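Note sheet for the following structure.
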Amino acid sequence: MHSLRGKTLFITGGSRGIGLAIALRAARDGANIAIAAKTTEPHPKLPGTIYSPLACDIRDETQLASAVEQAAARFGGIDICVNNASAISMTDTLATPAKRFDLMLDINTRGTFLCTQACVPHLRRSAAAGRNPHVLMLAPPLNLEPKWFAPHVAYTIAKYGMSLCVLGMAEEFRGDGIAVNALWPRSVIATAAVTMIPGATDELARMRKPEIVADAAYFVFGQDARSTTGRFLIDEEVLTEAGVTDLTRYAVQPGTPLLPDLFVEG
């Protein structure tokens with residue numbers, strides 16, 4: 001079993017939901033955690049070596065670059081970059097105002113690009129030191145079937161922008177020994193963002209807890225960065241590969257049929 005003790009993770013949007021779950025899982029190993037989020041209240045139960053959350057709107061490249069540099073200075077580098085911050089609007093074309101479109105593009109696609117860009121110099125140093133650096137996007141596999149676009153063109157474009165970063169950056173930084181992968185849940189995850197979608201609270205029993213994505217991410221971080229890169233991973237497939245056979249503990253209501261997430265087949 002690998003350990004993240006002494007490794008430094010920079011996580012965007014990590015004040016709640018999946019980002020927080022990833023932080024908690026890494027912190028249990030004694031990892032250093034830098035959370036860049038608009039919500040800056042420290043989490044009272046976040047153990048390990050934890051720095052106070054960095055106030056950072058990832059739409060502001062100056063704030064983002066500053067947050068990365070603060071984290072690297074505080075902990076002596078960055079080994080893992082987790083692009084988790086995301087904005088969602090499940091609206092069709094006519095119901096998506098320009099401001100909402102811009103928000104999703106700015107946070108999902110642009111934010112992912114700029115955060116990775118700011119972390120790469122530190123990740124290169126991590127690779128040179130043999131510390132197995134990873135970049136992980138919480139982004140879906142690239143599935144170009146029209147059914148994934150038609151109901152919410154703007155959101156799909158914004159999320160696939162994150163996926164395209166994986167496709168390109170994995171190859172761009174392969175020679176540096178920096179892994180760049182995507183991770184996506186097979187089933188809908190019960191987070192605050194999801195429950196804000198109209199009608200979603202009625203389906204909570206069919207969702208899984210954020211911990212399934214966090215445990216999958218933890219396993220990915222233990223893989224060799226030079227050989228595990230450019231992959232579009234699904235949480236339950238990652239855990240199965242890791243030898244986890246019973247996934248019932250991740251269910252909000254075990255025994256209830258699960259609700260498949262977007263961009264993955266049934």
Side-chain angles (χ1 to χ4, degrees), residues 1-37 43 45-51 53 71 75 77-86 112 115-116 119 123 126-127 130-141 162 166 170 177-187 189-191 207-251 261:
M1 176 64 74
H2 72 96
S3 173
L4 296 180
R5 177 170 297 279
K7 297 283 184 74
T8 296
L9 284 75
F10 186 89
I11 305 173
T12 64
S15 58
R16 61 174 67 88
I18 291 171
L20 177 58
I22 292 173
L24 285 163
R25 181 63 188 88
R28 290 216 308 267
D29 271 14
N32 306 315
I33 311 294
I35 292 175
H43 195 276
K45 296 180 181 178
L46 202 59
T49 311
I50 303 299
Y51 187 48
F75 295 123
I78 292 172
D79 303 295
I80 297 170
C81 167
V82 181
N83 288 290
N84 166 73
S86 192
T112 292
C115 183
T116 307
C119 286
L123 297 172
S126 175
R131 293 175 61 80
N132 200 43
H134 280 260
V135 177
L136 187 68
M137 323 304 195
L138 274 297
M162 298 175 71
V166 173
I178 301 170
V180 184
N181 294 292
L183 179 63
W184 194 248
R186 170 75 68 193
S187 305
I189 303 298
T191 65
M207 299 180 192
R208 280 173 166 160
K209 302 170 186 175
E211 284 71 24
I212 188 170
V213 184
D215 287 351
Y218 179 83
F219 179 72
V220 173
F221 299 149
Q223 302 307 295
D224 176 58
R226 292 186 179 274
S227 58
T228 304
T229 189
R231 296 182 65 188
F232 291 87
L233 303 161
I234 301 297
D235 58 355
E236 66 178 42
E237 293 173 4
V238 170
L239 292 174
T240 298
E241 188 180 326
V244 179
T245 55
D246 183 7
L247 303 179
T248 56
R249 67 188 180 92
Y250 297 115
D261 208 338

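All values below come from the heavy atoms of this structure, side chains included, with hydrogens, waters and symmetry mates left out. This is a predicted model, so every value here is computed, not measured.
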TODO: Could you give me the CA-CA distance, side-chain angles and deciding distance for Ile11 and Leu20, then say whether side chain to side chain contact (heavy atoms under 4.5 Å, CB included) is met?
DONE: CA-CA 9 Å; Ile11 305 173; Leu20 177 58; over 6 Å; no

Task: Distance in Å, Asn32 CG paired with Phe75 CZ, rounded so as to fall on 0.5 Å steps - done: 4.5 Å

Task: Polar side-chain atom of Asn132 near backbone of Gln223 as donor-acceptor pair, under 3.5 Å - done: yes

TODO: Output the distance between atom OG1 (Thr112) and atom CG (Asn84), rounded to the nearest 0.5 Å.
DONE: 9.0 Å

- [ ] Taking all non-hydrogen atoms of both residues into account, name the closest pair between Leu4 and Ala26 and its distance.
- [x] CD1-CB, 3.8 Å

Task: Asp246 side chain to Thr248 backbone, donor-acceptor under 3.5 Å - done: yes

Open item on the list: Checking Ile189 against Val213 for the side chain to side chain contact (heavy atoms under 4.5 Å, CB included) test, could you report, in this order, the C-alpha distance in whole Å, the side-chain angles of both residues, the deciding distance, and whether it holds?
Closed with: CA-CA 9 Å; Ile189 303 298; Val213 184; 3.9 Å; yes

Task: Counterpart residues, side chain to side chain contact (heavy atoms under 4.5 Å, CB included), relative to Ala251 (two or more places apart) - done: Pro254

Open item on the list: Within the 4.5 Å heavy-atom criterion, are Ile234 and Pro141 side-chain neighbours or not?
Closed with: yes

Open item on the list: Quick check: do Leu183 and Val238 have side-chain heavy atoms less than 4.5 Å from each other?
Closed with: yes

Task: Arg16 and Thr191, any side-chain heavy atoms less than 4.5 Å apart - done: no

Open item on the list: Please find the pair of heavy atoms, one from Lys209 and one from Arg249, that lie closest to each other, and give the distance.
Closed with: NZ-O, 3.6 Å

- [ ] Start with the C-alpha gap between Tyr218 and Asp29, add the side-chain angles, then the distance that decides, and say whether side chain to side chain contact (heavy atoms under 4.5 Å, CB included) holds.
- [x] CA-CA 10 Å; Tyr218 179 83; Asp29 271 14; 2.6 Å; yes

Task: Shortest non-hydrogen separation from Phe10 to Ala36 and the atoms involved - done: CZ-CB, 3.5 Å

- [ ] Any chance you could measure Arg28, atom CZ, to Ser3, atom OG, to the nearest 0.5 Å?
- [x] 11.5 Å

Task: Separation of Ile212 CD1 from Leu239 CG (nearest 0.5 Å) - done: 5.5 Å

TODO: Please identify each residue that fulfils side chain to side chain contact (heavy atoms under 4.5 Å, CB included) with Ser86, with sequence neighbours left out.
DONE: Asn108, Lys159

Open item on the list: Tell me if a side-chain donor or acceptor on Asp235 pairs with a main-chain N or O of Arg186 at a distance below 3.5 Å.
Closed with: yes

- [ ] Quick one: closest heavy-atom pair of Gly13 and Ala37, and the distance?
- [x] CA-CB, 4.2 Å

Open item on the list: When you measure from the side chain of Thr12 to the backbone of Ala85, do you find a donor-acceptor pair of N or O atoms at a distance under 3.5 Å?
Closed with: yes

TODO: Would you please test Phe221 and Ile22 for side chain to side chain contact (heavy atoms under 4.5 Å, CB included) and show each step?
DONE: CA-CA 11 Å; Phe221 299 149; Ile22 292 173; 4.2 Å; yes

Open item on the list: Holding to salt bridge (charged side-chain N to carboxylate O under 4.0 Å, His left out), I want the full list of residues that pass it with Asp261, two or more places apart in sequence or in another chain.
Closed with: none

TODO: Could you list the residues that satisfy side-chain hydrogen bond (donor to acceptor under 3.5 Å, both in side chains) with Glu211, not counting sequence neighbours?
DONE: none

Listing, residues 225-233 side-chain donor-acceptor contacts under 3.5 Å, not counting sequence neighbours, or none:
unit_1, atom_1, unit_2, atom_2, d
Ser227, OG, Asp224, O, 3.4
Ser227, OG, Asp224, OD2, 3.1
Thr229, OG1, Val180, N, 2.9

Open item on the list: If we ignore hydrogens and angles and just use 3.5 Å, is the side chain of His134 paired with the main-chain N or O of Gly222 as donor and acceptor?
Closed with: no

Open item on the list: Just to verify, what does Asp79 make a salt bridge (charged side-chain N to carboxylate O under 4.0 Å, His left out) with, not counting sequence neighbours?
Closed with: Arg131

